[in-house]
> 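Below is the structure I would like to discuss, written out as structure tokens.
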Amino acid sequence: MSPSVPLQEMIRAIRSARTQCEERGVIQRECAAIRAQFRQADNGGRSHNLAKLLYVHMLGYPAHFGQMECVRMIASPRYSEKRVGYLGAMMLLDEKQDASLLITNSIKNDLSHSNQYVQSLALCTLACMGSAEMCRDLAPEIDRLLRASNSYIKKKAALCAVHIVRKVQDLGELFAPTARSLLAEKNHGKYILNDTFTDTCLSNTVSNECNESPGVLHGAVVLITELCGQNTETLEKFRKTVPDLVQIMKGLVISGYSPEHDVAGISDPFLQVRILRLLRILGRNNEAASDAMNDLLAQVATNTDSTKTVGNAVLYETVLTVLDIKSESGLRVLAVNILGRFLLNNDRNIRYIAMTSLQKIVGTDHNAVQRHRGTIVDCLKDQDASVKRRALELSLALVSATNIRSMMKELLLFLSSCPPELKAEAASGIFNAAERYAPSQRWHIDTILHVLTTAGGDVRDETVPNLIQLITNTSELHCYTVHKLYRALLKDISQQSLVQVACWCIGEYGDLLVKGECQETEPVQVSEDDILDALETVLQSHMSSPTTRGFALTATMKLSTRITDNVDRIRSVVSIYGSCIDVELQQRAVEYNALFKKYDHMRAAVLERMPVIEKNSPGHTNGVSTGEPVKELKPVQVKQGEPQHAANQVCDLLDLLGGSEEPQQPQLAACSVVPAPPISTSTAGGDLLDLLGGLEPTPLPLLTPAPTMTVYEKDGVTLTLSCEKQSDSGLMVTLTASNSTDSNISGFTLQAAVPKSVQLHMKAPSGDSLPPSDTAKVTQMVVLNNPNKVNLKMRIRICYTIRGSTVQDTIQIDSFPTH
Amino acid sequence: MMQFMLLFSRQGKLRLQKWYVPLSDKEKKKITRELVQTVLARKPKMCSFLEWRDLKIVYKRYASLYFCCAIEDQDNELITLEIIHRYVELLDKYFGSVCELDIIFNFEKAYFILDEFLLGGEAQETSKKNVLKAIEQADLLQESQIEDWGSLPNEEIL
């Protein structure tokens, strides 16, 4: 085809521009010329002008003035103009533009054009940018083309129908019978279709060898896949096609060499992959269908050549299908072994694919995946960040009580060299694994310390209180822990989490440090001055965050009761900070000063050793030993620190008895995830709540498990509700949503309404997208306050987007599970 | 289904963009910019797949051009690589040893070829020969109708 000279000249002119400014100049001139040409009558160069405009558009310049020209060109009788017109329509007119509606009529006419290439243009454009209205208007035309035209048009019509069905789901019913009949088109040999599904006479249809049919088959399979994905009834009906599909697949796998459709020795891999995918949908949760395809899948799995990517593509799809349907165990083992082979493949892409698939089944076929643990752990050392990420996720999933020590070694090694974006994930994964499977307390503490030294900056904030709690609980290791932490502190004070924990421990167990004897590590001579030096370094260092300095100051203060000689030094340190610029430090220093001066008699009691913190005990009143509530001492101040400090300050709260820092509570309520160390909810706190009225009730962890009930279950989306009574009139409701379809759901939002006298506060949801097949859930917490004790009802509206269309639904909950 | 396909050079200049989902111009530009940046930042030996927003991106570099496709969660990444390869083969056969300049100066033809191979984000014809034959016929149709500057009227050939 001869090139468009005017177009190429323009492109040359634009490319020869040396600066951005020059280019803009050239383009402005060209656009002006084009605009002038558009206004003129037909001069034979219309297609060239529009092509020029489209090039300019691709460079990023505005081209909306060409929209009407596209509409005009599409209506032209000349094929060259139609071609460029439709191309322009696909590039400039999407369904959001009003002008797109103007082409509906042209498309309709062209769909019935006598020339198949014109028909093809119309079909292509409709499938690319057809809006819902256009689809509704033209669906009957498409159906007609699906039934009676040559295979060139049929295959395009099939894919156009797919687009229509995606845009307007109701039209699925229109295409279902036709889709069924399309499966009768067959290449690679004669084929008889015996079927009573459709009422058009199709039984005993025999179709001869026809070179174009595989395209139609492919289109038909895609269409059927789409129809089944949207409507479960349709899926039930299409299950009957499983034997036919198996036949077609067999034909492809066994048949001789077909040069046209062959790719590296595989016969029509695109069609094979699509059929396998359809079989997956049809066989899921259905024994009969799964049985029918067992043999075929085994055959494909064993016979497909896996030296090239294309063979691996087919194998990959086969493995996905085997793992998803109710296959027999031998087949499953075969599939996992294929994945294992993939893991050893030189091609990085294949390794990545293997790990993604293994991730999906690690929950169900854990043992099978464990066999490949070695290879997976090796992939942690791969150069590619995506592969590393997959390997990390999979390794964390494979950690178990038996392999914890060796796995942890590898994971810690990984942590020291992993890319920064993976550090946080690795650290929290390691913590979880350590918590679940720690073989001994000491190992656990060692591991956490190791993580803090290597990646202390990337751990989550709740690590610090968690670790502190862990340390307090292992009373026999206090000596060992404080020694280790002291040594780590001396080496490096840049990792904030580590420094915070170290300061806290030194504050608590400084006396053990001074005593110097420790069974687990070599004894080291540490004098009181050394300790105070270390803490002062932390206090004065530029690297320490304000929170860390708070920790250090409090630790210094605590040492005043633990050590004997240098109390004066402590006193002077504390008084210096009484005039510190940082308000938090200043306040602490002033209060500690007060403790020294006016309340020296109470100092010992206030700064006593912390008791063992219990995890998740209900509404516990802080049990912090001999607490005379010191509330009359400290002025109550509502501190408006950021929520992440709240978690750290919790530990400091526990330092100063009596929990008069009650005002911390509202912030903790604001960040709905509260880590294990409980909030000080002493009886003193209760009084303060009255004083400060209007504060939100603190979420208290309850012992009795919250009852859950399923409130909504439709189209694969499930919403469950669980309640926890917070106080006399307060209720914390947790809504959990999950998605069991195999399409992604995005933009998932919940809105709630309650009776007038009830106060409602919705917290931020954990996310707004639900991945398919229940892989992750979205939770949202709602705090209700029902002071008048009216009958509690709630109406919830659910809104989400699935496969491009929005779904809205409302449910009413009339009774809440209470206890 | 494929949501979009982008072809861009090593310098980040867009050579072809095909969108199968409705998005505003502004969004398209934003996505293109982000994706081009992300892909160009990848080192040569890295994996051809990456996760981006809620899509899977499959990309492959052929000489100076990056071919980048965005597919949905259930699509097979490996077969998408094959689709990209098939498209390159088609371009190669049509232009005869295709290079980036061919695609720059004949971008509309690159689109026509793509539209014969993919429809609505899915492969429509799995035989290379048939795709090329269809393009050839369409080109013939166009040729027979093209009017030279100010001379013969066009003939309609059906």
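Only heavy atoms go into these numbers, but all of them, side chains included; no hydrogens, no water, no symmetry mates. In what follows, every chain begins at residue 1, and chains take the letters A, B, ... in the order their sequences are listed. Remember, it's a predicted structure, so these values are computed and weren't measured experimentally.
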> Please classify the contact between Pro772(A) and chain B as side chain, backbone, both or neither, with a heavy-atom cut-off of under 4.5 Å.
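Looking at Pro772(A), just its side chain touches chain B.
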> Where the side chain of Gln8(A) meets the backbone of Phe105(B), is there a donor-acceptor pair that is under 3.5 Å apart?
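Side chain of Gln8(A) to backbone of Phe105(B), a donor-acceptor pair under 3.5 Å: yes, one is there.
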> Can you tell me which portion of Leu7(A) sits under 4.5 Å from chain B's heavy atoms? Options are side chain, backbone, both or neither.
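Answer is side chain: those atoms of Leu7(A) sit under 4.5 Å from chain B.
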> Give, as side chain, backbone, both or neither, the part of Tyr86(A) having an atom under 4.5 angstrom from any heavy atom of chain B.
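Contact with chain B: none, neither part.
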> Between Leu55(B) and chain A, with a heavy-atom cut-off of 4.5 Å, which part of the residue counts as in contact: side chain, backbone, both or neither?
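The answer is neither part of Leu55(B).
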> Answer yes or no: is there an ion pair linking Arg166(A) with Glu122(B), defined by an N-O contact shorter than 4.0 Å?
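Salt bridge flag = yes for Glu122(B) with Arg166(A).
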> Just wondering, are more than 12 heavy atoms of other shown residues or ligands nearer than 6.0 Å to NZ in Lys13(B)?
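No - once you tally the heavy atoms of other residues, nucleotides and ligands closer than 6.0 Å, there are 12 at most.
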> Highest number of heavy-atom pairs under 4.5 Å with chain A: which of Gly121(B), Pro22(B), Ser24(B)?
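Top count of heavy-atom pairs under 4.5 Å with chain A: Pro22(B).
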> Measure the spacing between CD1 of Ile57(B) and OG of Ser386(A) and express it to the nearest 0.5 Å.
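One finds 11.5 Å between CD1 of Ile57(B) and OG of Ser386(A).
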> So which part of Met58(A) gets closer than 4.5 Å to some heavy atom of chain B, the side chain, the backbone, both or neither?
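Both parts, heavy atoms under 4.5 Å.
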> Heavy-atom distances under 4.5 Å only: say whether Lys45(B) touches chain A with side chain, backbone, both or neither.
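For Lys45(B), backbone and side chain are both near chain A.
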> Measuring from atom SG of Cys47(B) to atom CE of Met355(A), what distance do you get when rounded to the nearest 0.5 angstrom?
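Those atoms lie 8.5 Å apart.
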> In Å and rounded to the nearest 0.5 Å, what is the SG to CD distance from Cys124(A) to Gln124(B)?
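Going from SG on Cys124(A) over to CD on Gln124(B), the span is 7.0 Å.
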> So if I take each residue of residues 71-83 of chain B and look for any heavy atom under 4.5 Å from a heavy atom in chain A, which residues do I end up with?
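If one takes a 4.5 Å heavy-atom cut-off, the residues of residues 71-83 of chain B near chain A are Asp73(B), Gln74(B), Asp75(B), Asn76(B), Glu77(B), Leu78(B), Ile79(B), Leu81(B), Glu82(B), Ile83(B).
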> Is chain A contacted by the side chain of Lys128(B), its backbone, both, or neither, given a heavy-atom distance below 4.5 Å?
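Backbone of Lys128(B) only, per the 4.5 Å heavy-atom cut-off to chain A.
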> May I ask you to name which of Glu51(B), Lys29(B), Arg86(B) has the most heavy-atom pairs under 4.5 Å with chain A?
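Result: the option with the highest number of such pairs is Glu51(B).
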> Relative to chain B, which segment of Val310(A) carries a heavy atom at a distance below 4.5 Å: side chain, backbone, both, or neither?
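Contact with chain B: backbone and side chain both.
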> Please report the shortest heavy-atom distance between Gly215(A) and Glu125(B), naming the atom on each side.
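Taking Gly215(A) first and Glu125(B) second, the nearest heavy atoms are CA-OE1, 4.5 Å.
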> Begin with the C-alpha distance, continue with both residues' side-chain angles, and end with the deciding distance and a verdict on side chain to side chain contact (heavy atoms under 4.5 Å, CB included) for Tyr20(B) and Met129(A).
CA-CA 7 Å; Tyr20(B) 294 107; Met129(A) 48 74 75; over 6 Å; no
> Given 3.5 Å as the limit, does a donor-acceptor pair link the side chain of Asn349(A) with the main chain of Ser48(B), or not?
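Judged by distance alone, yes, a pair lies under 3.5 Å.
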> Counting only heavy atoms not in Gln137(B), do more than 12 fall under 6.0 Å of its CD?
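Result for CD/Gln137(B): enclosed.
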> Can you tell which part of Lys388(A) gets under 4.5 Å to a heavy atom of chain B, answering side chain, backbone, both or neither?
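When you check distances to chain B, no heavy atom of Lys388(A) falls under 4.5 Å.
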> Go through Lys28(B), Arg42(B), Lys43(B) and name the one with the most non-hydrogen pairs under 4.5 angstrom from chain A.
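Most pairs with chain A among the choices: Arg42(B).
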> For Trp19(B) versus Cys128(A), what's the shortest heavy-atom pair and its separation?
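Smallest heavy-atom distance, with atoms named: O-SG, 3.5 Å.
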> Do Lys156(A) and Glu116(B) sit within salt-bridge range, that is, some charged N less than 4.0 Å from a carboxylate O?
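Judged by the 4.0 Å cut-off on N to carboxylate O distance, Lys156(A) and Glu116(B) do form a salt bridge.
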> Pick from Asp54(B), Asp25(B), Ile104(B), Leu14(B): which one has the most heavy-atom pairs with chain A under 4.5 Å?
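Top option by heavy-atom pairs under 4.5 Å: Ile104(B).
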> So which part of Ile11(A) gets closer than 4.5 Å to some heavy atom of chain B, the side chain, the backbone, both or neither?
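Answer is both: backbone and side chain atoms of Ile11(A) are under 4.5 Å from chain B.
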> Measuring heavy-atom distances to chain B, does Asn744(A) have an atom under 4.5 Å in its side chain, in its backbone, in both, or in neither?
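It is the side chain, since no backbone atom gets that close.
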> Need one label for Ile350(A): side chain, backbone, both or neither, based on atoms under 4.5 Å from any heavy atom in chain B.
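Interface part for Ile350(A): side chain.
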> Evaluate the side-chain proximity of Phe49(B) to Thr356(A): yes if any heavy-atom separation is below 4.5 Å, no if none is.
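Result no, sub-4.5 Å side-chain heavy-atom pair not found.
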> Identify which of Val84(A), Leu87(A), Thr125(A) forms the greatest number of heavy-atom pairs closer than 4.5 Å to chain B.
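Looking at each option in turn, the highest pair count goes to Leu87(A).
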> Output, in order, the C-alpha distance, side-chain angles, deciding distance and verdict of salt bridge (charged side-chain N to carboxylate O under 4.0 Å, His left out) for Arg83(A) and Asp139(B).
CA-CA 10 Å; Arg83(A) 223 180 179 190; Asp139(B) 282 349; 2.9 Å; yes
> Is Met90(A) close to chain B through its backbone or its side chain, or both, or neither, when contacts mean heavy atoms under 4.5 Å?
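For Met90(A), the side chain is the part near chain B, not the backbone.
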> Look at His85(B), Lys18(B), Glu136(B) and state which one has the largest set of heavy-atom pairs under 4.5 Å with chain A.
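Option with the top pair count is Lys18(B).
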> Quick check for you: to the nearest 0.5 Å, what is the distance between Thr126(B) atom OG1 and Gln272(A) atom CD?
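If we round to the nearest 0.5 Å, Thr126(B):OG1 and Gln272(A):CD are 10.5 Å apart.
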> Which atoms of Arg15(B) are under 4.5 Å from chain A, going by heavy atoms: the side chain, the backbone, both sets, or neither?
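For Arg15(B), the contact with chain A is made by backbone and side chain together.
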> Hey, mind stepping through Arg15(A) and Leu101(B) against side chain to side chain contact (heavy atoms under 4.5 Å, CB included) and telling me if it holds?
CA-CA 11 Å; Arg15(A) 281 169 63 80; Leu101(B) 280 177; 3.5 Å; yes
> If we define contacts as heavy-atom pairs under 4.5 Å, which of His163(A), Arg351(A), Arg280(A), Arg274(A) has the most with chain B?
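Max contact count across the listed options: Arg274(A).
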> Can you tell which part of Arg803(A) gets under 4.5 Å to a heavy atom of chain B, answering side chain, backbone, both or neither?
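When you check distances to chain B, no heavy atom of Arg803(A) falls under 4.5 Å.
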> Side chain, backbone, both or neither: which part of Val314(A) has a heavy atom under 4.5 Å from chain B?
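Nothing of Val314(A), per the 4.5 Å heavy-atom cut-off to chain B.
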> Between His218(A) and chain B, which part of the residue has a heavy atom less than 4.5 Å away: side chain, backbone, both or neither?
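Just its side chain gets close to chain B.
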> What part of Ser120(A) lies closer than 4.5 angstrom to a heavy atom of chain B: side chain, backbone, both or neither?
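Contact with chain B: side chain only.
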> To the nearest 0.5 angstrom, please state how far the OH atom of Tyr79(A) sits from the CG atom of Leu140(B).
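One finds 10.5 Å between OH of Tyr79(A) and CG of Leu140(B).
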> About how many Å separate NZ of Lys82(A) and CD of Gln142(B), when rounded to the nearest 0.5 Å?
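Here the interatomic distance stands at 13.0 Å.
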> I'd like to verify something: which residue of Arg389(A), Gln383(A), Met10(A), Arg12(A) has the highest number of heavy-atom pairs under 4.5 Å with chain B?
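Option with the top pair count is Arg12(A).
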> Would one find more than 12 heavy atoms of other residues, nucleotides or ligands at under 6.0 Å from atom CZ of Arg53(B)?
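Count over threshold, so yes.
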> Of the backbone (N, CA, C, O) and the side chain (C-beta and beyond), which part of Phe107(B) lies under 4.5 Å from a heavy atom of chain A, both, or neither?
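It is the side chain, since no backbone atom gets that close.
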> Looking only at heavy atoms, which two atoms of Met46(B) and Ala385(A) are closest? And how far apart?
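Shortest heavy-atom contact: CE-N, 3.7 Å.
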